[in-house]
*Asks:* 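Below is the structure I would like to discuss, written out as structure tokens.
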Amino acid sequence: MSTKARILEVAAALVAESPDGDVSTRAVCEAAGVGAPALYRHFGDKEGLLSAVVDHGWDRYLATKRDRAPGTDPLQDLRDGWDTHVEFALHNPNLYRLMNSPAMRTPPAAALESHRILTADLQRAAENGKLRLAPELAAQIIMSANVGVALMLVSRPATFTDVSVSRRVRDSVHTMVFTPDVMTAPTATPDPSVPDASAPDPSAPEVDESRLPATAARLNALLRQAPAPVLSPAEDALLTEWLNRISNAPRS
């Protein structure tokens, strides 16, 4: 193992073991068996070292996602993605807080990659007509909620004692971004001999306020997959703006 790799591994371990998630460069040097000049040569200063620890942490997190083959159900992929995010935070609380610290002024490349993976899953959902919003806006909503829940669970465990709050928030957010038919799909085969009291009256007019924004989001997603552009760049930009406006419009 190189000197740089050893320093990084030691720093990550000390961050994980620290009561408050902070470490000193002196402690890192002593544990790694190197002098301060070696640490500063490879990482510049303490902030550079912690930035490298954050990058290392994001790479560990993304290792579970990069090799994942997309499933047949985008919604299940998104549920699983939310749950693995929270599990990683719970198993690495100090690292996770550092990964999302305001002190990290430049987002790591791996953090941006994580956002792209989420957006790609939402893009597949939009292509199937399952998304109420444009994938980019839906990704911002889901990521904000996912990180917020994870940070509360690891930063305030005495207050947030019920881990099931993550699932409840996840399902609430998904209800907002996915079409109703996706969220109300049965999880088990119903017994035909048992009347369903919640079944809608077939004679009643169907009103689905999500249909228009979902259709706009789907059309937008499918146009991006077109093998050859059918519109000029100006027309494409204008149509994209219109479709995003329809799919992302606030709804009561």
Side-chain angles (χ1 to χ4, degrees), residues 1-2 4-23 28 42-43 46-71 73-125 135-157 160 163-171 173-174 177:
M1 180 184 295
S2 68
K4 181 178 182 179
R6 185 167 73 254
I7 295 173
L8 184 57
E9 290 289 340
V10 166
L14 290 177
V15 165
E17 297 166 1
S18 171
D20 58 3
D22 192 23
V23 295
V28 172
H42 290 293
F43 300 100
K46 180 179 177 179
E47 182 177 341
L49 174 62
L50 292 179
S51 293
V53 170
V54 166
D55 287 335
H56 182 64
W58 275 108
D59 281 336
R60 284 175 50 200
Y61 168 66
L62 286 178
T64 63
K65 296 181 176 292
R66 288 180 177 133
D67 298 331
R68 171 182 60 86
D73 183 357
L75 178 58
Q76 189 58 51
D77 286 346
L78 288 158
R79 286 190 179 119
D80 293 342
W82 178 294
D83 293 343
T84 57
H85 186 120
V86 172
E87 288 171 7
F88 179 87
L90 292 174
H91 287 110
N92 305 274
N94 285 347
L95 177 60
Y96 188 79
R97 284 194 293 267
L98 184 60
M99 288 164 61
N100 292 281
S101 169
M104 298 293 107
R105 293 188 290 270
T106 302
L112 301 177
E113 181 183 351
S114 175
H115 197 85
R116 286 194 296 269
I117 291 173
L118 171 60
T119 305
D121 284 340
L122 289 163
Q123 179 80 12
R124 290 194 298 123
E136 294 79 7
L137 178 58
Q140 293 177 36
I141 293 171
I142 292 175
M143 185 65 79
S144 298
N146 202 175
V147 171
V149 167
L151 280 175
M152 290 299 98
L153 289 173
V154 301
S155 299
R156 302 181 186 175
F160 292 82
V163 179
S164 71
V165 71
S166 173
R167 174 181 54 79
R168 295 172 187 270
V169 174
R170 179 200 69 190
D171 291 347
V173 171
H174 285 181
V177 302

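Worth saying up front: this structure is predicted, and the values here are computed from it rather than measured. Computed from heavy atoms alone, side chains included, the values below leave out hydrogens, waters and symmetry copies.
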*Asks:* I need the minimum non-hydrogen distance between Leu95 and Gly57, along with the two atoms involved.
*Replies:*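 It is CD2-CA, 3.6 Å.
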
*Asks:* Quick one: NE2 on His115 to CD1 on Ile117, what's the gap to the nearest 0.5 Å?
*Replies:*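 One finds 11.5 Å between NE2 of His115 and CD1 of Ile117.
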
*Asks:* Indicate the atoms forming the closest heavy-atom contact of Pro93 with Val154, along with that distance.
*Replies:*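 It is CB-CB, 3.9 Å.
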
*Asks:* Applying ring pair (Phe, Tyr, Trp, His ring centres under 6.0 Å), can you list everything that pairs with Phe88, at least two apart in sequence or on another chain?
*Replies:* Tyr61

*Asks:* Give a yes or no answer on whether the side chain of Arg170 reaches the backbone of Asp83 with a donor-acceptor pair at less than 3.5 Å.
*Replies:*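 The answer is no, because no donor-acceptor pair under 3.5 Å joins these two groups.
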
*Asks:* Under a 3.5 Å threshold, yes or no: a donor from one side chain and an acceptor from the other, between Ser166 and Trp82?
*Replies:*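 Yes - a donor-acceptor pair under 3.5 Å links their side chains.
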
*Asks:* Answer yes or no: is there an ion pair linking Arg79 with Asp73, defined by an N-O contact shorter than 4.0 Å?
*Replies:* no

*Asks:* Let's go through Val165 and Met152 carefully: what are the C-alpha distance in whole Å and the side-chain angles of both, what is the deciding distance for side-chain contact (heavy atoms from CB on, under 4.5 Å) to 0.1 Å, and is it a yes or a no?
*Replies:* CA-CA 10 Å; Val165 71; Met152 290 299 98; over 6 Å; no

*Asks:* I need the Glu9 CD to Ile7 CD1 distance, nearest 0.5 Å.
*Replies:*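 Separation between the atoms: 11.5 Å.
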
*Asks:* Between side-chain atoms of residues 11-19 and protein atoms elsewhere (two or more places apart, or another chain), which donor-acceptor pairs fall under 3.5 Å?
*Replies:*
residue, atom, partner, partner atom, Å
Ser18, OG, Asp20, N, 3.4
Ser18, OG, Asp20, OD1, 2.8
Ser18, OG, Gly21, N, 3.1
Ser18, OG, Asp22, N, 3.2
Ser18, OG, Asp22, O, 2.8

*Asks:* How far apart are the closest heavy atoms of Asp121 and Pro74, and which atoms are they?
*Replies:*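 Closest heavy-atom pair between Asp121 and Pro74: O-CB, 4.0 Å.
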
*Asks:* Compare every heavy atom of Ala145 with every heavy atom of Val173, then report the nearest pair and how far apart it is.
*Replies:*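 In this case the closest contact between Val173 and Ala145 is CG2-CB, 3.7 Å.
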
*Asks:* Atom CH2 of Trp58 and atom CG of Asn100: how far apart are they, to the nearest 0.5 Å?
*Replies:*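 These two atoms lie 5.5 Å from each other.
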
*Asks:* Quick one: CG on Leu118 to CE on Met143, what's the gap to the nearest 0.5 Å?
*Replies:* 5.0 Å

*Asks:* Which residues satisfy the salt bridge (charged side-chain N to carboxylate O under 4.0 Å, His left out) test with Glu87, sequence neighbours excluded?
*Replies:* none

*Asks:* For Glu136, give me all partners under side chain to side chain donor-acceptor pair (under 3.5 Å), at least two apart in sequence or on another chain.
*Replies:* Arg224

*Asks:* Please name the pair of heavy atoms, one in Ala150 and one in Tyr96, separated by the smallest distance, quoted to 0.1 Å.
*Replies:* CB-OH, 3.4 Å

*Asks:* Considering only residues two or more places apart or on different chains, which pairs with a residue in residues 144-157 satisfy side-chain hydrogen bond (donor to acceptor under 3.5 Å, both in side chains)?
*Replies:* none

*Asks:* To the nearest 0.5 Å, how far apart are NZ in Lys4 and CG in Leu49?
*Replies:* 10.5 Å

*Asks:* Is the backbone of Val23 close enough, under 3.5 Å, to the side chain of Lys46 for a donor and an acceptor to pair up by distance?
*Replies:* yes

*Asks:* Output all residues satisfying side chain to side chain donor-acceptor pair (under 3.5 Å) with Asn92, sequence neighbours left out; order by chain, then residue number.
*Replies:* Arg60

